[in-house]
Asker: 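Take a look at this one; I'll ask things after.
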Amino acid sequence: MKQLFRVLPPLAPDYGGACEIMYELGGLVLIHDATGCTVNYVHFDEPRYHTKPSNVFCSGLCEIDAVMGNDDVVINKAIKAAEELKPNFIAFVGSSVPMVVGTDFYGIAHDCEAQCGIPCFGIDANGIRNYIYGASVTGLQFVKRFCGEKTESRGVNLLGFIPMNYGDLRETEIIKGAFTDVRHAFSYNMSFDDLADLQNAEGNIVVSAAGLEIAEYMKKKYGMPYTVGVPYEHILEKIIDPSGLKGRVLVIGEGIDACSMAAAITGKYGLEADALDVFEKKSAAKYNLSSEEEIKAVAAEYDVVVADPCFTPLVGKSKIIKRPTVSVSGGVFNT
């Protein structure tokens with residue numbers, strides 16, 4: 001019962017991260033569920049959905065097909081939709097019910113590609129792991145499949161750069177603007193053709209843990225160096241209200257992002273600042289916690305806490321500096 005959330009909402013799941021990293025690549029993304037997970041993703045986890053629609057669909061999984069393991073149904077639906085939409089790829093994304101019955105998404109993708117000739121991917125998401133995992137394993141599959149030979153070395157890529165990391169698209173743009181000479185941001189305002197050009201950057205900058213495995217792979221395959229972090233010292237005042245910063249500061253969020261903000265607070269204001277990663281159990285953050293009791297205990301040791309408003313009951317209304325984050329509160333504080 002230790003990991004049961006009574007105050008915090010469910011954090012962004014793996015299928016959300018998987019879908020988000022594919023969102024602008026011109027594919028056909030099919031979430032295999034009975035609509036619940038698809039609605040959760042498009043309405044809460046994807047800030048671009050209402051202004052920049054994409055081909056994200058629900059398979060309409062029914063009870064008998066789930067129990068009998070009738071994979072032909074979802075394959076036929078995908079092929080029929082692809083005939084009209086002409087996608088660059090087809091991705092079959094898992095959810096909780098297919099996990100229970102042991103659906104083989106890699107097998108479904110293999111069979112579908114053999115029938116239609118379109119590159120197909122199986123994303124074995126289950127709705128239990130976090131969005132970082134989903135974005136990471138999906139992005140790595142795409143880099144391995146579509147990145148070819150390196151022909152030049154110019155600019156930098158931002159890896160793990162997805163709007164779910166931040167509060168809204170305005171903040172996403174601000175953070176992207178903090179970097180110079182950006183070749184591609186994987187995956188925001190990036191096309192399918194850009195995907196096949198990632199290897200031609202000079203190096204990579206990992207802005208969230210979703211980009212770490214991709215950066216490691218590209219370092220081994222292409223010799224591309226990478227650094228980790230976000231230069232918040234240049235944009236901090238545009239992201240949070242710094243007037244409330246004092247004493248000891250705790251930043252709660254995704255590990256790399258939170259560590260970057262904590263470092264900026266220390267460097268710019270001379271305050272002691274630490275990070276708490278609520279998504280990964282092992283990261284560079286000082287604290288890697290999953291239970292609300294532990295979060296509450298750690299936060300009590302600090303004078304100020306920078307976090308999504310959902311953390312207010314755990315850290316105290318008087319000392320929180322609010323920084324809404326889609327991966328925590330699903331954009332409800334930005335409507």
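Here the structure is a predicted model, which is why all the values come from computation and not from measurement. Residues take their numbers from the sequence shown, with the count starting at 1.
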Asker: Among Leu314, Ile252, Val249, whose side chain to side chain contact (heavy atoms under 4.5 Å, CB included) with Val305 holds?
Answerer: Ile252
Asker: Among Asp71, Asp104, Ile108, Thr103, find the residue that satisfies the side chain to side chain contact (heavy atoms under 4.5 Å, CB included) test when tested with Phe92.
Answerer: Ile108
Asker: Apply side chain to side chain contact (heavy atoms under 4.5 Å, CB included) to the pair Val73 and Asn76, showing each step before the final yes or no.
Answerer: CA-CA 5 Å; Val73 172; Asn76 292 336; over 6 Å; no
Asker: Of all heavy-atom pairs between Val315 and Ala299, which one has the smallest distance, and what is that distance?
Answerer: CG1-CB, 3.5 Å
Asker: Would Asp193 and Ser191 count as having a side-chain donor-acceptor pair, cut-off 3.5 Å?
Answerer: no
Asker: Could you check whether any side-chain heavy atom of Leu28 comes within less than 4.5 Å of a side-chain heavy atom of Phe57, counting everything from C-beta outward?
Answerer: yes
Asker: Residues in salt bridge (Lys or Arg N to Asp or Glu O under 4.0 Å) with Glu216, at least two apart?
Answerer: none
Asker: Is any side-chain heavy atom of Leu212 less than 4.5 Å from a side-chain heavy atom of Val228?
Answerer: yes
Asker: From Gln141 CD over to Ile21 CD1, what is the distance, rounded to the nearest 0.5 angstrom?
Answerer: 11.0 Å
Asker: Can you sort out the partners of Glu83 under side chain to side chain contact (heavy atoms under 4.5 Å, CB included), two or more places apart, ordered by chain and number?
Answerer: Ile79
Asker: Heavy-atom distance under 4.5 Å between the side chains of Tyr166 and Val207, does that happen here?
Answerer: yes
Asker: Does one hydrophobic cluster hold both Met224 and Leu158, with members joined at side-chain heavy-atom distances below 4.5 Å?
Answerer: no
Asker: Does anything in residues 219-234 form a salt bridge (charged side-chain N to carboxylate O under 4.0 Å, His left out)? List the pairs, not counting sequence neighbours.
Answerer: none
Asker: Do Tyr287 and Leu250 have side chains that approach each other closer than 4.5 Å (heavy atoms only, starting at C-beta)?
Answerer: yes
Asker: For residues Val206 and Val230: do they belong to one hydrophobic cluster (side chain heavy atoms under 4.5 Å, members Ile, Leu, Val, Met, Phe, Trp, Tyr)?
Answerer: no
Asker: Any chain of hydrophobic side-chain contacts (each under 4.5 Å) joining Ile118 to Ile75?
Answerer: yes
Asker: Kindly state each residue pair satisfying salt bridge (charged side-chain N to carboxylate O under 4.0 Å, His left out) with at least one member in residues 38-61, sequence neighbours excluded.
Answerer: Glu24-Arg48, Glu24-Lys52, Glu46-Arg48
Asker: Looking at Thr266 and Leu271, would you say the former's side chain and the latter's main chain have a donor-acceptor pair under 3.5 Å?
Answerer: yes
Asker: Please table the atom pairs, donor to acceptor, closer than 3.5 Å between any side-chain atom in residues 143-151 and protein atoms at least two apart or in another chain.
Answerer:
unit_1 : atom_1 : unit_2 : atom_2 : d
Arg145 : NH2    : Glu113 : OE2    : 2.7
Lys150 : NZ     : Glu152 : O      : 3.4
Lys150 : NZ     : Gln199 : O      : 2.5
Lys150 : NZ     : Ala201 : O      : 2.6
Thr151 : OG1    : Asn200 : OD1    : 3.2
Thr151 : OG1    : Asn200 : ND2    : 3.4

Asker: Start with the C-alpha distance between Glu173 and Asn189, add both sets of side-chain angles, then the distance that settles side chain to side chain contact (heavy atoms under 4.5 Å, CB included), and finish with yes or no.
Answerer: CA-CA 10 Å; Glu173 287 285 351; Asn189 285 347; 3.5 Å; yes
Asker: Should we say atom NZ of Lys319 is surrounded by more than 12 heavy atoms from elsewhere, each under 6.0 Å from it?
Answerer: yes
Asker: Once salt bridge (Lys or Arg N to Asp or Glu O under 4.0 Å) is applied, do any residues pair with Lys80, and if so which ones, sequence neighbours excluded?
Answerer: none
Asker: Might you work through the side chain to side chain contact (heavy atoms under 4.5 Å, CB included) test for Tyr226 and Ile205, ending with a clear yes or no?
Answerer: CA-CA 5 Å; Tyr226 71 88; Ile205 301 176; over 6 Å; no
Asker: Run the side-chain hydrogen bond (donor to acceptor under 3.5 Å, both in side chains) test on Tyr302 and Glu272 for me, step by step, so that the C-alpha distance in whole Å, both residues' side-chain angles and the decisive distance to 0.1 Å come before the verdict.
Answerer: CA-CA 10 Å; Tyr302 289 83; Glu272 179 186 347; 5.2 Å; no
Asker: Taking the side chain as C-beta and beyond, is there a heavy-atom pair between Phe105 and Ile123 under 4.5 Å?
Answerer: no
Asker: Hey, does the side chain of Lys281 reach the backbone of Asn288 with a donor-acceptor pair shorter than 3.5 angstrom?
Answerer: no
Asker: Mark yes or no for whether Ser260, through its side chain, and Gly229, through its backbone, hold a donor-acceptor pair below 3.5 Å.
Answerer: no
Asker: Any side-chain heavy atom of Tyr23 within less than 4.5 Å of one from Ser187?
Answerer: no
Asker: Identify the heavy atoms of Lys77 and Ser59 that sit nearest to each other, and give their distance.
Answerer: NZ-O, 2.5 Å
Asker: Looking at every non-hydrogen atom in both residues, tell me the closest pair between Gly122 and Ala109 and how far apart they are.
Answerer: N-CB, 3.5 Å
Asker: Would you indicate whether Glu280, at its atom CD, is surrounded by more than 12 heavy atoms from other residues, nucleotides or ligands within a distance under 6.0 Å?
Answerer: yes
Asker: Measuring only between side-chain heavy atoms, which start at C-beta, is Lys322 closer than 4.5 Å to Ile240?
Answerer: no
Asker: Other hydrophobic cluster members with Val137, side-chain heavy atoms of Ile/Leu/Val/Met/Phe/Trp/Tyr under 4.5 Å, chained?
Answerer: Tyr133
Asker: Cys310: which residues meet the side chain to side chain contact (heavy atoms under 4.5 Å, CB included) condition with it, sequence neighbours left out?
Answerer: Leu8, Pro9, Asp308, Val328, Ser329, Phe333
Asker: Any link between Leu198 and Phe179 through a network of hydrophobic side chains (Ile, Leu, Val, Met, Phe, Trp, Tyr) touching at under 4.5 Å?
Answerer: no
Asker: Step through it carefully: locate the ring centre of Phe89, locate the ring centre of Phe142, and say whether they are under 6.0 Å apart.
Answerer: yes
Asker: In chain order, what residues pass the ring pair (Phe, Tyr, Trp, His ring centres under 6.0 Å) check against Tyr41, with sequence neighbours excluded?
Answerer: none
Asker: Can you hop from Met164 to Phe186 via hydrophobic side chains spaced under 4.5 Å?
Answerer: yes
Asker: So, Asn157 side chain and Leu159 main chain: donor-acceptor pair closer than 3.5 Å or not?
Answerer: no
Asker: In this structure, which one of Thr38, Asn40, Asn126, Asp33 forms a side chain to side chain donor-acceptor pair (under 3.5 Å) with Tyr15?
Answerer: Asn40
Asker: State, with a plain yes or no, whether a side-chain heavy atom of Cys19 is found less than 4.5 Å away from one of Ile31.
Answerer: yes
Asker: Test side chain to side chain contact (heavy atoms under 4.5 Å, CB included) on Leu25 and Met190; report intermediate values, then the result.
Answerer: CA-CA 7 Å; Leu25 302 181; Met190 189 180 113; 4.2 Å; yes
Asker: For Asp197, what residues pass the salt bridge (Lys or Arg N to Asp or Glu O under 4.0 Å) criterion, not counting sequence neighbours?
Answerer: Arg183
Asker: Give a yes or no on this: more than 12 heavy atoms of other residues, nucleotides or ligands lie within 6.0 Å of atom OH of Tyr49.
Answerer: no
Asker: Which pair of non-hydrogen atoms, one from Pro87 and one from Ala82, has the smallest distance, and what is that distance?
Answerer: CD-O, 3.5 Å
Asker: For a quick check under 3.5 Å, do Ser291 and Glu294 share a side-chain donor-acceptor pair by atom type?
Answerer: yes
Asker: Who passes salt bridge (Lys or Arg N to Asp or Glu O under 4.0 Å) against Asp257, sequence neighbours left out?
Answerer: Arg323
Asker: Would you say the side-chain atoms of Thr172 pair up with the backbone N or O of Asp168, donor to acceptor, closer than 3.5 Å?
Answerer: yes
Asker: Which residue pairs pass the ring pair (Phe, Tyr, Trp, His ring centres under 6.0 Å) test with at least one member in residues 237-281, sequence neighbours excluded?
Answerer: Tyr131-Phe279
Asker: Would one find more than 12 heavy atoms of other residues, nucleotides or ligands at under 6.0 Å from atom NE2 of His110?
Answerer: no
